[in-house]
Amino acid sequence: MAKKILVMDDDPTIVDYLVDLFKDNGYETCFAYNATEGFEALKNEKPDLITLDLDMPEVAGPLFYIRYTKIEEFKNIPVIVISGLHVPHRSIKKVVAALEKPIDREELLGIVRNTIGEGSSD
Amino acid sequence: MLVDDEEDIRDVLDISLSDLGYKVFTAKNGEEAFQIFRNVNPPIVLTDIRMPIMDGIELLQKIKKENTDTEVIMITGHGDMDLAIKSLKYEATDFITKPINDEVLGFALERAHERISMRQRIREYTENLEEMVREKSARLVEVERLIAVGQVIEGLSSATRNIAEDFEGGITYFNELPCLVSIHNRDLEVVATNQLYKERLGDKIGCNSWDAYKEGAGRSAKCPVGKTFHTGKGQRSKETIQDVNGKEVPVIVHTAPIRSGESDVELVLEISADITEMNRLQEELRTTQQRYQQLFDEVPCYISVQDGKLKLVATNRQFKEDFGDEIGSYCYSVYKHRNEPCPDCPVVKTFESGESQQSETVVTSKTGEQYNVLTWTAPIRKADGEITQVMEMSTNITQIRRLQDHLSSLGLLIGSVSHGIKGIMTGLDGGMYWLDTGMEKGNQERIEKGWDVIKLMVGRLKNMVLNLLYYAKERDLSWKRTDVLSLAKDVASTVEPKIKGYSIEFIHDFDRSIGKFEVDTSVVSSALINILENAMDACIEDKSKKSHKIIFSVTQDKDHIVFDIHDNGMGMDRETRENIFTLFFSSKGSKGTGLGLFVSNKIIQQHGGSIKVDSTPGQGSHFNIRMPKVLPDILKNKVNKNAQSLTIE
């Protein structure tokens with residue numbers, strides 16, 4: 001079964017872009033524009049990986065990370081930070097990688113492959 | 001009292017209750033029970049719920065109405081839980097279920113007893129309390145009365161003592177006065193004088209009352225003192241006296257009769273004020289005042305003196321220049337255009353603490369300009385130390401603040417802009433990705449999507465750069481009289497395709513007879529477009545409603561053109577609403593630079609207009625923009641000459 005990636009960013013264009021990019025490379029996707037939707041997606045979609053924007057309104061990325069890693073069921077889901085900010089390493093400890101916008105497409109796909117494996121080719 | 005329609009139960013319970021030491025009255029239904037209740041008023045009632053004629057619940061209500069203190073215990077069958085709960089609602093003490101267990105009955109009765117005795121104790125205590133209060137207050141009133149009587153006696157006796165004291169002692173009070181004070185007796189002899197009198201006129205004690213006067217009508221028994229004894233009334237006249245050196249001194253003489261216990265005038269007080277001396281003092285006072293006034297007026301601060309109600313008692317020239325001559329108005333209405341005192345008012349604090357305060361605030365001048373001011377306050381005290389007024393000095397530090405704002409915002413600018421640009425670049429990456437893969441796969445839809453995103457991102461970039469340019473350079477208004485309707489139409493047609501592209505309904509409602517106003521068209525258009533685009537973003541972001549609409553209307557009142565922009569998008573919480581016009585504040589995450597509304601607001605303010613915002617999270621927002629039809633002169637004066645030459649109509 002194809003691995004699933006949860007894309008979190010408050011900018012719909014960026015979400016749209018990453019979703020298409022992952023789909024084109026054989027991954028299933030789901031997305032969330034904010035932390036509330038993020039938790040919904042965690043529960044309903046059971047993703048294998050999260051890409052997380054740090055600068056989101058209301059509940060920002062780091063806080064979302066801290067909250068979901070407190071939940072036993074989700075705490076081992078790997079996260080890739082994709083943000084316009086310099087990544088604060090201290091707040092997000094177990095990050096797989098931190099990419100600064102604009103991102104290098106191949107670099108991102110490489111990291112995803114190393115973390116959850118190749119997407120299914122259809 | 002025991003109420004049950006079944007005879008067996010009545011009998012069994014009667015025996016149990018009698019064993020427990022109760023005197024029992026029985027009844028077979030509510031109606032009968034209520035009759036008995038009225039006659040014997042039993043403290044405890046034990047009643048079944050289901051009974052013919054009048055059931056237990058109705059009985060309970062009636063009893064409680066009659067005497068709320070009665071403890072009513074309900075007996076319920078199995079499965080009557082609803083009724084039991086209902087009865088508790090009508091203040092039944094307790095309920096027990098059938099078949100009745102003696103032990104349970106015992107507990108229920110015990111609880112009823114506890115409540116009865118508790119209530120009794122509380123009542124006793126309350127009654128005691130009332131009694132105590134009555135006693136105490138009666139004693140207090142008595143004490144007060146004694147004190148009052150004591151005070152009156154004290155007052156009277158001290159008054160008598162004062163009268164009895166010799167006038168030598170009394171006259172020393174007058175030594176401080178810059179006047180000649182003397183006391184005269186019925187024989188028209190001087191009996192006491194103050195220090196100044198002695199110095200200026202010599203020791204006149206024992207002389208005739210008129211002795212000090214120059215030759216003339218005054219120098220006889222018809223002198224002011226004589227007239228006072230004669231008429232019993234105080235006199236006022238101009239006289240001339242001769243001092244020890246023979247110099248003639250013009251004086252104003254006041255006399256006042258001093259009466260003994262009866263109505264007879266016993267002594268006369270004469271006070272003569274040296275007119276030349278008074279003139280000299282007045283002159284001195286005037287120059288001092290003038291010097292202060294000059295200082296008051298010329299210092300480069302706004303100075304006001306305020307009374308306890310924050311009314312302006314005095315203001316300096318600088319204050320009058322920028323805020324108007326508003327003596328008698330309230331400080332907060334002149335400085336802040338408010339209807340009530342400002343929170344944390346330094347003047348109020350000074351009145352309270354007697355200490356001087358410092359604070360920084362923004363005030364609005366009579367022409368609508370905002371100034372940052374640093375404020376000091378100082379109490380003004382009467383001789384006895386009571387603070388009657390507070391002086392407030394405010395230094396205009398707008399220039400300094402502007403410079404600081406500019407510097408600190410430059411730092412912010414770099415961070416905010418680079419952040420915004422990163423978002424835009426990522427979006428551009430996305431657009432290019434769709435274009436590339438769309439072309440590879442021959443997918444037209446993808447190509448179009450990519451192209452749209454690129455257009456959107458370029459649009460954002462353009463806005464950002466324009467805002468930056470506007471921010472970086474202070475720009476004069478280049479205004480001309482412009483048709484409001486055509487400006488509104490231009491604005492609407494610019495945003496309409498975008499708004500409709502997101503399936504948002506766009507309604508315009510323009511007053512067709514609206515005419516012209518004085519405006520810098522290009523900047524005001526961009527401000528309105530910015531606000532409309534924000535409304536659009538608020539609708540796009542709002543996922544809670546199926547359909548969205550934006551209403552753009554233009555109306556007028558006497559002196560103003562009013563633009564209203566309503567949307568039913570995501571709305572704003574209070575903090576967001578209060579900060580939207582702050583530089584680099586953005587609620588849009590990576591999409592906003594925090595420049596847009598800051599610049600829009602600045603543009604509208606530059607025209608002497610205002611933006612008001614209403615918003616409810618989840619429901620939408622309303623921007624109300626008021627702009628003067630005719631630009632205030634002070635704003636026009638800042639306009640560059642080229643622009644003015646264009647305005648000849």
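Chain A is the first sequence line, chain B the second, and so forth, proteins listed ahead of strands; every chain is numbered from 1. Every heavy atom of this structure was used, including side-chain atoms; hydrogens, water molecules and symmetry mates were not.
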Note: I103(A) and D429(B) closest approach over all heavy atoms is O-OD2, 3.5 Å
Which atoms of L21(A) approach chain B - backbone, side chain, both or neither, heavy atom under 4.5 Å: both
Counting only heavy atoms not in K549(B), do more than 12 fall under 6.0 Å of its NZ? no
Take atom OH in Y433(B); do more than 12 heavy atoms of anything else shown fall under 6.0 Å from it? yes
Please round to the nearest 0.5 Å and tell me the distance separating atom CG of D11(A) and atom CE of M457(B). 5.5 Å
Look at atom NZ of K543(B) and say whether more than 12 heavy atoms of other residues, nucleotides or ligands are closer to it than 6.0 Å. yes
Straight-line distance of D24(A) CG to K441(B) NZ, nearest 0.5 Å: 3.5 Å
Result of checking T426(B), L456(B), I424(B) against T13(A) for side chain to side chain contact (heavy atoms under 4.5 Å, CB included): L456(B)
Can you give me the closest heavy-atom contact between K449(B) and D16(A), atom names plus distance? CE-OD2, 3.1 Å
